[in-house]
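We count ligands from 1, going down the list as the structure has it; atoms in each ligand are counted the same way. A quick note: this is a predicted structure, and the numbers were derived from the prediction, not measured. Computed from heavy atoms alone, side chains included, the values below leave out hydrogens, waters and symmetry copies.
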Amino acid sequence: MVKLYGTSKSRSARCLWALEELGVKYEHEPVAVADAKSAAHLQRNPIGHVPVLEDNGLFICESMAINLYLAEKYGKNSLWPASVEDHGRVYQWSFYAMTELEPHLLAILRHKLFLPAEQRSDQAVKDASEALKAPLAVLDGVLGRHENLLGSAFTIADLNVASVLSFGTYVKFDFSATPKLQAWLQKSWSREANGKVRGLK
Ligand SMILES: N[C@@H](CCC(=O)N[C@@H](CS)C(=O)NCC(=O)O)C(=O)O
């Protein structure tokens, strides 16, 4: 049995998108972010976060680890490329998204949405937006050379990077300075499998 714990209104959306894209039969328990530290959930994941994947008694947490595991295990289509060299490139872009993009996007979300009004800082938003310019330009350059990050096929690397950047939609982040990236994001986000996730709890 494959089961994903975590509401689609959290980083769990990334893993739900991967499950839908891979066509894996799965159950979904939409554990709320506020319940991530409940006794029941801590048994699944001692870190106390969603998402968590359960696969035949094995529990895995960390959204990127879950997606790389799912793609390697169930990727019968092009989502998991064939060569070890391409696996290296999948890891490269997935870790790039988590280390170079996600922290800055989260800073913007915190200071525009999550923090109480009196703790929000326009300067923090400006700094994070500035810090994003270089990594977004790198992606724009790569996507100017081919349709997706590794080449022509949409792989788990694309899903991972596009899902991290989807944080930008909550604050209407302006990607127009990087037009190739912007067009690729629109195309990636509008995939049918991602659309299905929006309908989940
Ligand atoms: N690096 C982790 C972060 C997971 C995470 O922080 N999840 C949030 C929801 S998006 C959470 O469960 N927060 C609950 C809490 O901090 O108590 C991942 O990518 O899975």
What pairs of donor and acceptor atoms, side-chain ones from residues 165-174 against any protein atom, are under 3.5 angstrom apart with sequence neighbours left out?
unit_1, atom_1, unit_2, atom_2, d
Ser166, OG, Ser163, O, 2.6
Thr169, OG1, Ser166, O, 2.6
Asp174, OD1, Ser176, N, 2.9
Asp174, OD1, Ser176, OG, 2.7
Asp174, OD2, Ser176, OG, 3.3

* **ligand 1 contacted by Met98 (non-hydrogen, < 4.0 Å)** => yes
* To do: Would you kindly say whether Ser63 and Arg11 are connected by a side-chain donor-acceptor distance under 3.5 Å?
  => no
* To do: Using a strict cut-off of 4.0 Å, indicate which atoms of ligand 1 neighbour a heavy atom of Ser63.
  => 18 (C), 19 (O), 20 (O)
* Structure fact -> Within 4.0 Å of some non-hydrogen atom of Pro51, the atoms of ligand 1 are 20 (O)
* Distance to 0.1 Å, residue and atom name: give those for the protein heavy atom nearest to atom 2 (C) of ligand 1. => Glu62 OE1, 3.2 Å
* Report the nearest protein non-hydrogen atom to atom 11 (C) of ligand 1: residue, atom name, distance rounded to 0.1 Å. => His49 CD2, 3.7 Å
* Could you list the atoms of ligand 1 found under 4.0 angstrom from a heavy atom of Lys37? => 15 (C), 16 (O), 17 (O)
* Leu4 CG to Arg14 CZ distance, which is reported to the nearest 0.5 Å -> 12.5 Å
* Asked: If you measure only the distance, is there a donor-acceptor pair under 3.5 Å linking the side chains of Asp140 and Thr178?
  -> no
* Give the residue and atom name of whichever protein heavy atom lies nearest to atom 12 (O) of ligand 1, and the separation in Å to one decimal. => Val50 N, 2.9 Å
* Structure fact -> Tightest non-hydrogen contact, residues Ala82 and His87, listed as O-NE2, 3.8 Å
* Please determine, by modelled atom types, if Tyr69 and Asp55 share a side-chain donor-acceptor pair under 3.5 angstrom. => yes
* Asked: If you count the atoms of ligand 1 from 1 in the order shown, which ones are under 4.0 Å from a heavy atom of Ala36?
  -> 12 (O), 14 (C)
* Met64 N/O under 3.5 Å from ligand 1 N/O -> no
* To do: Report yes if some heavy atom in the side chain of Trp17 is under 4.5 Å from a heavy atom in the side chain of Asn67; otherwise report no.
  => no
* How far is atom 6 (O) of ligand 1 from its nearest protein heavy atom, and which residue and atom is that? -> Arg11 NH1, 3.0 Å
